[in-house]
Amino acid sequence: MLKPLGDEALKLLAFGSLPRSFKPRQALFDAGDDAEGAVLILGGQVRLVPGSHAGPPKVVGVGYLLDELALIIPMQRSVSAVAQTSCEILALPREQMLRILEEYPDAAQHLRAQLVRRTMSLIDDVNALRDRFGNPPSRD
């Protein structure tokens, strides 16, 4: 999601971000918490636990971006995150991202196009599931 921003905009985002360290088993946040932005894992591993039976936990590491949509829209955390090992993260604030998108309209346009592609892909997937499971064969 951040690739369309370009080097200069990414530097501004990093400059306005908050680095944090966590010890093993220390909670980063809980599912349902308000997300002020996204979280980028810089070092170590984080265990993600989906809220309310949404799937099995998974472990992610360096380069993983948590709750990326929180960079552009207010939302709640989609998972609980707990440090699996000692880890370093970078909290990327929505406020900073929105300022960057105003200053770099080309990056904003690329990001918009990327989100449109993802949304259309999701719609295609949902339609395929609907066609497969939503229209049971008639019993005639």
Side-chain angles (χ1 to χ4, degrees):
M1 178 173 177
L2 299 177
K3 287 179 186 177
L5 294 181
D7 290 343
E8 194 173 318
L10 285 173
K11 286 177 189 175
L12 285 173
L13 183 59
F15 181 74
S17 299
L18 176 66
R20 295 191 56 205
S21 298
F22 293 87
K23 296 176 182 173
R25 295 180 301 284
Q26 186 177 1
L28 280 69
F29 51 78
D30 291 319
D33 288 353
D34 288 334
E36 301 286 325
V39 172
L40 178 63
I41 301 172
L42 299 176
Q45 294 182 324
V46 175
R47 183 178 180 84
L48 305 178
V49 182
S52 66
H53 311 294
K58 70 178 181 177
V59 176
V60 297
V62 175
Y64 195 85
L65 185 63
L66 300 166
D67 291 327
E68 61 188 11
L69 284 179
L71 281 170
I72 54 175
I73 61 170
M75 59 179 279
Q76 295 179 326
R77 295 285 178 203
S78 59
V79 295
S80 294
V82 178
Q84 182 88 2
T85 64
S86 294
C87 66
E88 304 289 324
I89 62 105
L90 193 59
L92 307 170
R94 180 181 322 109
E95 252 180 58
Q96 181 75 3
M97 179 67 162
L98 294 178
R99 274 187 252 138
I100 288 168
L101 293 177
E102 286 178 13
E103 290 183 39
Y104 296 88
D106 289 345
Q109 185 61 29
H110 287 296
L111 181 59
R112 180 187 167 282
Q114 183 181 35
L115 291 172
V116 166
R117 283 190 301 275
R118 284 185 180 183
T119 301
M120 296 308 295
S121 177
L122 179 62
I123 289 170
D124 290 344
D125 292 347
V126 168
N127 285 336
L129 287 171
R130 183 201 62 215
D131 292 346
R132 185 171 174 194
F133 297 110
N135 297 323
S138 63
R139 298 181 187 242
D140 295 330

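Residues satisfying the salt bridge (Lys or Arg N to Asp or Glu O under 4.0 Å) test with Arg94, not counting sequence neighbours, are none. In this structure, the side-chain hydrogen bond (donor to acceptor under 3.5 Å, both in side chains) partners of Ser78, at least two apart in sequence or on a different chain, are Asp67. Judged as a side-chain contact (heavy atoms from CB on, under 4.5 Å), and not counting sequence neighbours, the contacts of Glu8 are Tyr104. Shown here are the side-chain hydrogen bond (donor to acceptor under 3.5 Å, both in side chains) partners of Glu95, two or more places apart in sequence or in another chain: Arg99. Remark: Gln76 engages no residue in a side-chain hydrogen bond (donor to acceptor under 3.5 Å, both in side chains) (not counting sequence neighbours). Residues passing the side-chain contact (heavy atoms from CB on, under 4.5 Å) test with Val60, sequence neighbours excluded: Ile41, Val46, Leu48, Lys58, Tyr64. For Gln26, there are no side-chain hydrogen bond (donor to acceptor under 3.5 Å, both in side chains) partners two or more places apart in sequence or in a different chain. With sequence neighbours excluded, the residues forming a side-chain contact (heavy atoms from CB on, under 4.5 Å) with Pro57 are Arg47, Val49, listed by chain and number. Legend: residues meeting side-chain contact (heavy atoms from CB on, under 4.5 Å) with Asp106, ordered by chain and number and at least two apart, are absent.
Legend: salt bridge (charged side-chain N to carboxylate O under 4.0 Å, His left out) pairs involving residues 12-35, not counting sequence neighbours: none detected.
Checking side-chain atoms of Ser80 against main-chain N and O of Ala31 turns up a donor-acceptor pair under 3.5 Å.
Counting only N and O atoms by type, the side chains of Glu88 and Ser21 include a donor and acceptor under 3.5 Å apart.
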